[in-house]
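Notes to accompany the following structure.
Hydrogens, waters and symmetry mates are skipped; everything else that's a heavy atom, side chains included, is used. Please read these numbers as outputs of a predicted model, since none were measured by experiment. Chain identifiers are assigned alphabetically (A, B, ...) following the order of the sequence lines, protein sequences preceding nucleic acid strands; residue numbering begins at 1 within each chain.
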There are 4 protein chains.
Amino acid sequence: MTAQRDLCHNPPEETKLKILEAAAKTFGEYGYHQATMTKIAEEAGVAKGTVYWYFTSKEDLFLGLLDNSLAKLYANLELVVTSPTEPIEKLRRFILAYLDFFSRQSHLGQILSRGGIEGLSPEFYHKMIEWHDKFDRLNVELISQGVKAGAFRNDLDNKHMAKVLSGVVSAIGSTQILNLAEIDIEAETDLILTVFLDGISSK
Amino acid sequence: MTAQRDLCHNPPEETKLKILEAAAKTFGEYGYHQATMTKIAEEAGVAKGTVYWYFTSKEDLFLGLLDNSLAKLYANLELVVTSPTEPIEKLRRFILAYLDFFSRQSHLGQILSRGGIEGLSPEFYHKMIEWHDKFDRLNVELISQGVKAGAFRNDLDNKHMAKVLSGVVSAIGSTQILNLAEIDIEAETDLILTVFLDGISSK
Amino acid sequence: MTAQRDLCHNPPEETKLKILEAAAKTFGEYGYHQATMTKIAEEAGVAKGTVYWYFTSKEDLFLGLLDNSLAKLYANLELVVTSPTEPIEKLRRFILAYLDFFSRQSHLGQILSRGGIEGLSPEFYHKMIEWHDKFDRLNVELISQGVKAGAFRNDLDNKHMAKVLSGVVSAIGSTQILNLAEIDIEAETDLILTVFLDGISSK
Amino acid sequence: MTAQRDLCHNPPEETKLKILEAAAKTFGEYGYHQATMTKIAEEAGVAKGTVYWYFTSKEDLFLGLLDNSLAKLYANLELVVTSPTEPIEKLRRFILAYLDFFSRQSHLGQILSRGGIEGLSPEFYHKMIEWHDKFDRLNVELISQGVKAGAFRNDLDNKHMAKVLSGVVSAIGSTQILNLAEIDIEAETDLILTVFLDGISSK
DNA sequence: CATGAATGAGCCTTCATTCAT
DNA sequence: AATGAATGAAGGCTCATTCAT
């Protein structure tokens with residue numbers, strides 16, 4: 001904020017960001033266990049010690065990254081939910097935002113949908129549960145709006161419908177990605193939407 | 001001669017089974033990377049070298065385990081698909097069999113649904129893909145039967161419907177399990193069934 | 001010796017021989033440390049336990065093999081030395097016998113010439129030294145005969161000449177073999193003979 | 001700036017040297033397979049991980065050591081060959097340099113003369129062959145000079161004479177050393193020289 | 001005699017983490 | 001803030017050897 005700070009070539013924040021980006025790329029490419037601090041530091045173009053100056057541990061770095069990514073996804077989804085759109089189109093955009101996230105951050109996507117990675121600390125799980133709950137509430141909110149507006153059934157528990165929704169989305173998302181096929185996100189979204197709205201029953 | 005054999009206290013097969021069970025438990029509890037051969041050997045009550053007598057590597061052991069479990073699941077699902085039941089009840093049993101499997105073998109369930117674990121050999125991935133395809137074909141068969149019988153919609157691609165089905169099931173299955181909540185499998189099955197058949201649309 | 005013994009399909013000696021042959025092949029192909037008891041047992045077509053019935057340890061087996069091979073080589077050389085041939089022809093045959101041995105048993109050849117393998121017991125070294133001395137004495141005897149017959153110089157210490165002789169032979173032998181070139185043993189022998197007899201000096 | 005650097009107590013290079021020395025001692029004492037990374041690290045007074053900071057593997061370390069030692073030996077021999085000395089004295093110094101090397105680095109000497117160690121990577125063998133060829137060429141050059149100068153016979157193939165020379169030298173060198181006798185290198189050199197120049201023939 | 005399952009010490013290597021500079 | 005050398009616990013795996021059958 002001071003004039004002096006602005007003269008720095010590498011304001012601290014910039015280094016932290018570089019590390020975060022490198023971590024995203026590396027974790028994304030290799031997964032948590034295969035990604036090493038050495039790889040991440042190299043990718044970021046800094047020394048290993050520097051990574052430890054900004055993050056106390058590998059887990060801390062991973063958590064930081066997750067927080068970062070999930071916050072973005074959450075913001076996107078929230079934007080959709082709070083926008084003044086009619087329920088079904090809103091649902092479509094909602095699914096689209098999810099799939100888009102999965103297609104960009106496949107491994108992180110998996111983590112979100114499965115609830116974590118083995119062998120991490122309780123703190124990690126706590127954070128994950130917090131996020132899980134936040135997303136759940138958003139899902140429920142989306143469904144509730146639709147029910148209130150008369151677009152969705154009111155004979156089912158909103159929470160359950162929300163759960164199925166997130167289930168389908170994350171499953172399709174991560175499965176697709178692992179097929180390494182180039183997915184047509186829009187088409188996939190429409191498919192999910194159709195099934196989720198009307199079911200596969202012939203009547 | 002055969003009678004004599006039965007008197008053996010520890011036929012080799014028994015040891016292999018002990019190891020397989022220990023592996024199931026350990027991989028299930030810790031995940032692939034956190035599970036160590038030492039832990040598995042201890043759990044099985046044998047020396048580390050013994051594990052390597054039956055399996056050439058950690059990956060080989062894991063693959064053996066996976067093959068074992070997936071073969072069982074596949075057999076169960078196949079039984080359902082080929083049984084002379086009406087489509088919707090058949091679908092219910094199908095979902096039930098999946099959820100039952102997930103609730104027993106949570107980590108293996110994840111692997112099946114998400115397609116793998118980072119850092120393993122190409123052979124592993126090849127095997128996984130083979131299984132994935134086998135299950136896919138079974139799912140499609142189930143849907144096709146329903147469509148033919150007039151129970152399911154015929155305006156959607158069978159493969160797509162099958163994909164959504166397996167997506168919902170595996171997502172619900174593994175998500176639930178990670179919540180560590182005691183799940184009412186029957187209830188969960190009915191929920192999925194309802195949504196999948198009729199959709200959440202109010203009409 | 002008894003009639004009963006002769007009826008056996010596999011007299012003990014036969015099994016022992018099979019193992020010895022397998023050991024020769026395996027040690028020869030892989031060297032001492034790379035050769036495993038498993039490989040040897042497989043090559044011999046017997047169970048690992050059987051190898052341990054005839055030989056108390058890997059080292060013991062190796063020693064047995066060495067004794068076997070060296071005894072044969074020794075017998076051949078002795079035959080040459082004690083035969084009634086004129087000194088220079090005798091020397092030629094002597095070198096030939098050495099090179100022939102090296103070309104057949106490259107690894108054992110190395111062991112003989114360099115005096116052993118690291119990491120074995122004192123007993124092993126003791127045996128090796130015994131053999132070394134035996135061969136040395138034979139070499140000296142050969143040289144002495146030639147000196148006495150007036151064919152070789154008498155102004156040099158016989159022991160030293162013998163040492164140089166064995167040096168040249170073993171070095172040429174093993175070096176050649178490692179080149180993996182098909183060696184013309186006869187030609188090589190003549191070359192060594194020429195240099196060893198007349199030197200390379202121009203006068 | 002450079003002055004400042006010199007104040008460092010432990011410049012990285014020093015650690016690498018400590019490890020190289022420890023490796024030389026340990027490989028020399030135990031041979032390649034018996035020498036363990038643990039022993040080497042202990043001998044060097046560093047942690048095992050530190051060895052891996054400087055060398056990517058045991059083989060890499062061994063190769064580094066070999067390269068180091070052979071480069072020195074080669075430099076010494078080259079000095080002799082290119083010096084303006086008369087052929088026979090040159091030959092004497094050449095032999096002396098070889099024996100001196102063998103007496104200091106017995107195991108490495110063996111490796112040079114025998115052409116390798118079992119069970120290493122193709123890269124290792126390739127390097128060894130390169131060195132072998134370099135030394136061969138030097139040997140041939142030495143002989144050629146002597147022939148040109150009229151000091152050595154011209155009725156024999158230079159390459160063959162060179163081969164016998166290196167054979168005698170390495171054999172005598174390594175054999176002697178293994179006897180663990182204190183060798184009089186000068187005397188040994190003269191012996192080899194005499195035999196190699198004049199032969200043992202009485203005429 | 002022969003088998004082969006079982007053992008366990010020990011090896012090479014990896015990698016998250018620390019710390020002097 | 002940043003570096004990178006140094007650490008050491010831990011992991012997967014090998015293989016000589018034993019022993020109940």
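When the C1' atom of E:dT13 is taken as reference, atom CG of D:Leu61 falls 14 Å away, rounded to whole Å. Distance C:Tyr54 OH to F:dT17 C1': 19 Å, rounded to the nearest Å. D:Glu13 places its CD atom 14 Å from the C1' atom of F:dG4, with the value rounded to the nearest Å. Put simply, CD1 on C:Ile40 is 12 Å from C1' on F:dC15, counting in whole angstrom units. Atom CD in D:Gln34 sits roughly 13 Å away from atom P in E:dG10 (whole-Å rounding). Between the CE atom of B:Met37 and the P atom of F:dT14 there is a distance of 10 Å, given to the nearest Å. B:Lys39 has its NZ atom 7 Å from the P atom of F:dG11, to the nearest Å. Between the C1' atom of F:dA16 and the NE2 atom of C:His33 lies a distance of 12 Å, rounded to the nearest Å.
Partners of D:Ala23 according to the side chain to side chain contact (heavy atoms under 4.5 Å, CB included) rule, which considers only residues two or more places apart in sequence or in another chain, are D:Phe27, D:Ile40, D:Leu61, D:Leu65. Contacts of D:Lys25 classified as salt bridge (charged side-chain N to carboxylate O under 4.0 Å, His left out), with partners at least two apart in sequence or in another chain: D:Glu43. With sequence neighbours left out, C:Asp67 forms a salt bridge (charged side-chain N to carboxylate O under 4.0 Å, His left out) with C:Lys127.
Contact annotation: A:Trp53 side-chain N/O to F:dA2 OP1/OP2 distance is not under 4.0 Å. In this model, the phosphate group of F:dA5 is not approached by any side-chain N or O of D:Thr15 to a distance below 4.0 Å at OP1 or OP2.
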Margin query: Just to be sure I follow the notation: if a pair is Watson-Crick (purine N1 to pyrimidine N3 plus N6-O4 or O6-N4) or a G-U wobble (N1-O2 and O6-N3), each under 3.5 Å, what dot-bracket string does DNA chain E give, with | for pairs to another strand?
Written below: .||||||||||||||||||||
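Residues C:Met128 and C:Leu66 are in side-chain contact: their nearest non-hydrogen atoms beyond the backbone lie under 4.5 Å apart. Side-chain atoms of C:Phe62 and C:Phe124, non-hydrogen and from C-beta on, do get closer than 4.5 Å to each other. Side-chain atoms of A:His126 and A:Ile129, non-hydrogen and from C-beta on, never get closer than 4.5 Å to each other. Between A:Gln34 and B:His33, some side-chain heavy-atom pair lies under the 4.5 Å cut-off.
The stretch residues 42-49 of chain B touches DNA chain E through B:Val46, B:Ala47, B:Lys48, B:Gly49, each having a heavy atom within less than 4.0 Å of the strand.
With DNA chain F read from its 5' end, the first of the two nearest nucleotides for D:Val51 and C:Ala35 is the one closest to D:Val51. Both C:Thr50 and A:Lys58 lie close to DNA chain E; mapped to their nearest nucleotides by heavy-atom distance, the more 5′-ward contact belongs to C:Thr50.
Applying the salt bridge (charged side-chain N to carboxylate O under 4.0 Å, His left out) test to pairs two or more places apart or on separate chains, none has a residue in residues 44-66 of chain D.
Side-chain proximity of C:Tyr52 to the nucleotides F:dT18, F:dA6, E:dT13 is greatest for F:dT18.
With hydrogens and angles disregarded, no donor-acceptor distance shorter than 3.5 Å links the side chain of B:Thr50 to the backbone of B:Val46.
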